[in-house]
Amino acid sequence: MSILEIKKFPNAVLKQKTSPVTNFDSELQKLIDDMIETMYANHGVGLAANQVGVSKRVIVIDVSKSEEEHTKKKQAPPLIVLINPEIIHAEGEYESEEGCLSLPGYRTIVKRAERVKVIGLDREEKPVEIEGTGLLSRALQHEIDHIDGLLLIDRIGRVKKELFKKRYKKSTLAVTDNK
Ligand code: NI
């Protein structure tokens with residue numbers, strides 16, 4: 001396994017809609033293992049394949065170690081690997097602070113559905129259905145947004161997004177990363 005480089009805004013790969021996975025081959029298994037290792041190494045609760053430069057519909061999530069889950073003493077499922085995920089049901093609404101490994105140093109309030117139901121395939125190509133509330137719901141929506149080419153700054157309204165772009169450009173964190 002290896003820790004992969006995380007692509008940062010405004011890298012073009014983050015803005016492209018990714019392609020569904022059709023081959024559950026060893027290359028995919030390696031990508032998944034590397035994504036998991038990269039997520040944990042960066043203390044993330046989720047990671048999408050295009051964040052490591054692979055334009056495919058693969059996401060990994062683990063919210064079980066998060067502070068929010070501990071505070072609420074929830075029993076979050078451990079590591080989730082989802083291929084070709086799709087939100088089939090969403091309800092409620094809640095606002096919470098969110099960050100993203102592709103937008104280092106930036107956190108903002110994002111409105112998300114409170115509860116979602118997601119279907120997809122696991123790494124062995126078996127169908128799975130996951131229902132999430134709270135942080136898990138937010139992580140599922142955030143990562144599925146990624147593979148649809150959307151970042152959390154696409155969810156905060158035009159004015160806040162413009163402000164973000166101005167500040168991010170000036171910030172020293174905005175290292176050129178457009179390979
Ligand atoms: Ni993200």
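Both counts, for ligands and for their atoms, begin at 1 and track the order of listing.
Defined by atom type and a distance below 3.5 Å, a donor-acceptor pair is missing between the side-chain atoms of S102 and K7.
Counting only protein N, O or S atoms, 3 lie closer than 2.8 Å to the Ni ion (ligand 1).
Every residue was checked against the salt bridge (Lys or Arg N to Asp or Glu O under 4.0 Å) condition with K15, not counting sequence neighbours, and none meets it.
Paired with Y94 under the rule side-chain hydrogen bond (donor to acceptor under 3.5 Å, both in side chains), one option of R138, R112, E114 passes, and it is R138.
Proximity of L28 to V21: side-chain heavy atoms (C-beta onward) are separated by under 4.5 Å at one or more points.
Under the 4.0 Å criterion applied to side-chain N and carboxylate O atoms, R115 and E131 are assigned as salt-bridge partners.
Between F9 and Y168, the distance separating the two ring centers is shorter than 6.0 angstrom.
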